[in-house]
Undergrad: 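Have a look at the structure that comes next, please.
Throughout, residue positions are numbered sequentially from 1 according to the sequence presented.
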Amino acid sequence: MTNQSTPVEIFLVGFPSLPLRFHIPVSVVMFLVYIMSLFANGTVIGLIILKESLHKPMYIAIANLAASDLLFDTITLPKIIARYWFNDGTMLFVACLFQVFWVHNLGTLDAFLLMVMAMDRYLAISRPLHYSSMISNKHMAVACILCVFVSSIAGSIVISLNVTLVFTCGRTRINSCFCTSSNVHSLGCGDVTFSRLVVFSTAMIVLLLPLTFIIFSYISIIRLMYSSTKLVKGQKALYTCTTHLLVVSLYYIPRLFIYITNQTQLILDADVNVLLLCLYTFLPHMANPIIYCLRTKEIKQLFKNILKRHKLINKS
């Protein structure tokens with residue numbers, strides 16, 4: 001790329017039709033979302049690192065998921081908060097490409113980590129006697145490293161296609177809360193059909209492959225629990241699986257919808273498009289620590305012990 005064909009700066013619009021009077025409220029909401037994500041995911045990471053009782057395969061995957069979500073929010077949210085809080089939406093085009101790489105990288109990483117966690121639960125429930133020999137901390141660490149490797153490949157494919165586009169049309173406005181491949185395509189000139197097709201194909205692979213394993217795992221878990229335990233325990237398992245599947249659905253369904261609409265050139269209202277992007281990106285990042293970690297017996301017991309110690313200290 002040369003300076004003549006590449007914009008030096010772009011402007012992050014956010015919600016295109018948002019009235020000026022709503023800029024501060026929106027920035028406050030996004031700031032609170034960021035703080036909640038930092039606190040929830042940071043707490044999960046800290047607890048898992050510091051408490052030896054949590055050094056188990058499932059929690060290794062959860063810690064990686066929390067770290068991925070934390071990094072994603074830190075890369076994307078501060079800039080859009082500044083855009084609405086300080087009217088500072090300008091960013092370097094190189095910084096936009098940096099966001100594109102990490103957005104697709106970490107999005108893919110989340111998808112594969114959710115798959116690993118679902119398969120881990122399936123093995124723990126279906127083969128409890130052999131679970132410890134089949135899945136160790138080392139095995140889970142290797143699985144997480146493989147997820148990072150695969151997600152890095154996906155991110156590299158996307159960014160390599162984006163940097164080869166020609167940007168001579170003078171377009172510099174991005175109608176989104178952060179930079180994605182489709183946003184960069186909208187800045188490009190000429191035919192971007194091949195680039196869109198490769199990005200779409202890559203997205204479908206990294207979304208549908210994990211989703212297939214996740215659905216298979218949870219259906220198998222529910223069937224197993226109902227066939228081998230009392231109804232009450234089966235209902236408890238169903239509740240747990242349902243809450244997990246709600247997060248998975250919130251993560252996958254809007255993503256698939258947006259990718260398909262972008263590929264088929266189905267025109268959505270720009271503000272609706274941005275709202276969907278924010279919902280399927282940031283809500284799971286806040287919900288994941290609660291659904292996957294803070295509701296588990298070990299974490300609940302850990303908090304109870306901390307509260308007991310706190311009460312004893314206050315009494316003394």
Undergrad: Would you say Val94 and Val163 are hydrophobically clustered, going by side-chain heavy atoms of ILVMFWY under 4.5 Å?
TA: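 In one cluster with Val94: Val163, no.
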Undergrad: Considering only distance and modelled atom types, tabulate donor-acceptor pairs under 3.5 Å from the side chains of residues 203-215, sequence neighbours left out.
TA:
residue, atom, partner, partner atom, Å
Thr212, OG1, Leu208, O, 2.7

Undergrad: Mark yes when over 12 heavy atoms from residues, nucleotides or ligands other than Phe31 sit less than 6.0 Å from its CZ; otherwise mark no.
TA: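 For Phe31, atom CZ is not crowded (no more than 12 foreign heavy atoms under 6.0 Å).
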Undergrad: Are Met30 and Phe22 co-members of a hydrophobic cluster defined by side-chain heavy atoms under 4.5 Å apart?
TA: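 Same cluster: Phe22 reaches Met30 through Ile, Leu, Val, Met, Phe, Trp or Tyr contacts under 4.5 Å.
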Undergrad: For His285, check ring-ring contact (aromatic ring centres under 6.0 Å, His included) against everything at least two apart and list the hits.
TA: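 Testing His285 for ring-ring contact (aromatic ring centres under 6.0 Å, His included), a comparison that skips the adjacent residues, returns Phe72.
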Undergrad: Between Thr180 and Asn183, does a side-chain hydrogen bond (donor to acceptor under 3.5 Å, both in side chains) hold up when you go through it step by step?
TA: CA-CA 5 Å; Thr180 65; Asn183 300 138; 2.8 Å; yes
Undergrad: Going by the salt bridge (Lys or Arg N to Asp or Glu O under 4.0 Å) test, which pairs reach into residues 63-88, not counting sequence neighbours?
TA: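 Pairs touching residues 63-88 that pass the test: Lys79-Asp88.
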Undergrad: Say you draw a straight line from CZ of Phe11 to OG1 of Thr90; how long is it, rounded to the nearest 0.5 Å?
TA: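 Taking CZ in Phe11 and OG1 in Thr90, the distance rounds to 5.5 Å.
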Undergrad: Which heavy-atom pair separates Val158 from Ser181 by the least distance, and what is that distance?
TA: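 So the two residues come closest at CG1-CB, 3.6 Å.
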Undergrad: Do Leu165 and Leu187 come close enough that some side-chain heavy atom pair is under 4.5 Å?
TA: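 A side-chain contact is absent here, since even the closest heavy-atom pair is not under 4.5 Å.
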Undergrad: For Val103 and Ile75, run side chain to side chain contact (heavy atoms under 4.5 Å, CB included): C-alpha distance rounded to whole Å, both residues' side-chain angles, the deciding distance at 0.1 Å, then the answer.
TA: CA-CA 8 Å; Val103 162; Ile75 290 172; 5.6 Å; no
Undergrad: How close do Cys177 and Val274 get, counting heavy atoms only, and between which atoms?
TA: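 For Cys177 versus Val274, the nearest heavy atoms are SG-CG1, 3.5 Å.
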Undergrad: Check the pair Val28, Tyr84 against side chain to side chain contact (heavy atoms under 4.5 Å, CB included), reporting the backbone distance first and the verdict last.
TA: CA-CA 9 Å; Val28 170; Tyr84 283 122; over 6 Å; no
Undergrad: Running the 4.5 Å side-chain criterion over Ile, Leu, Val, Met, Phe, Trp and Tyr, what cluster does Leu146 land in, apart from itself?
TA: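 Besides Leu146, the cluster holds Val142.
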Undergrad: Looking at residues at least two apart in the chain, or sitting in another chain, which of them share a ring-ring contact (aromatic ring centres under 6.0 Å, His included) with Phe39?
TA: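 Phe39: no ring-ring contact (aromatic ring centres under 6.0 Å, His included) contacts found.
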Undergrad: Where do Val44 and Ala66 come nearest, in terms of heavy atoms and distance?
TA: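 Distance-wise, the nearest heavy atoms are CG1-CB, 4.2 Å.
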Undergrad: Donor-acceptor pairs are to be reported for all side-chain atoms of residues 111-124 against protein atoms at under 3.5 Å, with residues two or more places apart or in another chain.
TA:
residue, atom, partner, partner atom, Å
Asp120, OD1, Tyr131, OH, 2.5
Asp120, OD2, Tyr131, OH, 3.3

Undergrad: Determine the minimum heavy-atom distance between Leu97 and Ile159, stating which atoms define it.
TA: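 In terms of heavy atoms, the two residues are closest at O-CD1, 3.2 Å.
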Undergrad: Measure the shortest side-chain to side-chain distance between Val26 and Leu18 over non-hydrogen atoms and say whether it is less than 4.5 angstrom.
TA: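 The answer is yes, as the side chains (C-beta and beyond) meet within the 4.5 Å cut-off.
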Undergrad: Can you tell me how far apart OG (Ser27) and CD1 (Ile81) are? Round to the nearest 0.5 Å.
TA: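 These two atoms lie 7.5 Å from each other.
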Undergrad: Backbone N or O of Tyr34 within a donor-acceptor pair of the Ser37 side chain at under 3.5 Å?
TA: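 Checked: no pair found.
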Undergrad: Partners of Leu279 by side-chain contact (heavy atoms from CB on, under 4.5 Å), sequence neighbours excluded?
TA: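 So Leu279 forms a side-chain contact (heavy atoms from CB on, under 4.5 Å) with Leu275, Leu283.
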Undergrad: Does the pair Ile253 and Tyr280 meet the rule for a side chain to side chain contact (heavy atoms under 4.5 Å, CB included), with working shown?
TA: CA-CA 8 Å; Ile253 294 175; Tyr280 76 63; over 6 Å; no
Undergrad: Do any pairs count as a side-chain hydrogen bond (donor to acceptor under 3.5 Å, both in side chains) and have a residue in residues 134-151, sequence neighbours left out, and if so which ones?
TA: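 Checked against side-chain hydrogen bond (donor to acceptor under 3.5 Å, both in side chains) - neighbours excluded - the pairs reaching residues 134-151 are Asn105-Ser151, Ser136-His139.
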Undergrad: Is there a continuous path of hydrophobic side-chain contacts, each under 4.5 Å between heavy atoms, that joins Phe282 to Leu32?
TA: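 Yes; tracing contacts between hydrophobic side chains, which count when under 4.5 Å, links both residues.
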Undergrad: When you look at Ser195 and His185, which way does the side-chain hydrogen bond (donor to acceptor under 3.5 Å, both in side chains) test go after all the steps?
TA: CA-CA 8 Å; Ser195 180; His185 284 151; 2.7 Å; yes
Undergrad: Mind checking whether Met286 and Leu106 sit in one hydrophobic cluster, side chains of I, L, V, M, F, W, Y counted as touching below 4.5 Å?
TA: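 Hydrophobic grouping puts Met286 with Leu106.
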Undergrad: What closest approach, in Å, do Ala63 and Ile45 show between heavy atoms, and which atom pair accounts for it?
TA: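 For Ala63 versus Ile45, the nearest heavy atoms are O-CG1, 4.0 Å.
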Undergrad: Do Phe101 and Asn162 have side chains that get closer than 4.5 Å, going by heavy atoms?
TA: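 Of all side-chain heavy-atom pairs linking Asn162 with Phe101, none is under 4.5 Å.
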Undergrad: Take Tyr251 and Thr281 through the side-chain hydrogen bond (donor to acceptor under 3.5 Å, both in side chains) test and state the conclusion after the steps.
TA: CA-CA 7 Å; Tyr251 178 87; Thr281 299; over 6 Å; no
Undergrad: Any disulfide (SG to SG under 2.5 Å) pairs touching residues 18-106, not counting sequence neighbours?
TA: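 Pairs touching residues 18-106 that pass the test: Cys96-Cys179.
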Undergrad: List the steps and the verdict of side chain to side chain contact (heavy atoms under 4.5 Å, CB included) for Gln99 and Met91.
TA: CA-CA 11 Å; Gln99 274 195 353; Met91 65 188 300; 4.0 Å; yes
Undergrad: Hey, any chance Val13 and Trp85 share a hydrophobic cluster, counting ILVMFWY side chains that come within less than 4.5 Å of each other, even indirectly?
TA: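 Different clusters.
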Undergrad: Please list all pairs meeting side-chain hydrogen bond (donor to acceptor under 3.5 Å, both in side chains) that have one or both residues in residues 11-24, counting only residues at least two apart or in different chains.
TA: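 Listed by first then second residue: Ser17-Asp271.
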Undergrad: What is the minimum heavy-atom distance between Ile80 and Ser176, and which atoms define it?
TA: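 For Ile80 versus Ser176, the nearest heavy atoms are CD1-O, 4.3 Å.
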Undergrad: Filter on salt bridge (Lys or Arg N to Asp or Glu O under 4.0 Å), then keep only pairs touching residues 197-217, sequence neighbours left out; what's left?
TA: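 For residues 197-217, and leaving out neighbouring residues, there are no salt bridge (Lys or Arg N to Asp or Glu O under 4.0 Å) pairs at all.
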Undergrad: Verify the neighbour count for atom CE of Met36: are there more than 12 heavy atoms of other residues, nucleotides or ligands below 6.0 Å?
TA: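 No, because the 6.0 Å sphere around CE of Met36 holds 12 heavy atoms or fewer from other groups.
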Undergrad: Once disulfide (SG to SG under 2.5 Å) is applied, what residue pairs with a partner in residues 114-164 remain, sequence neighbours excluded?
TA: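 Output for this query is empty, none listed.
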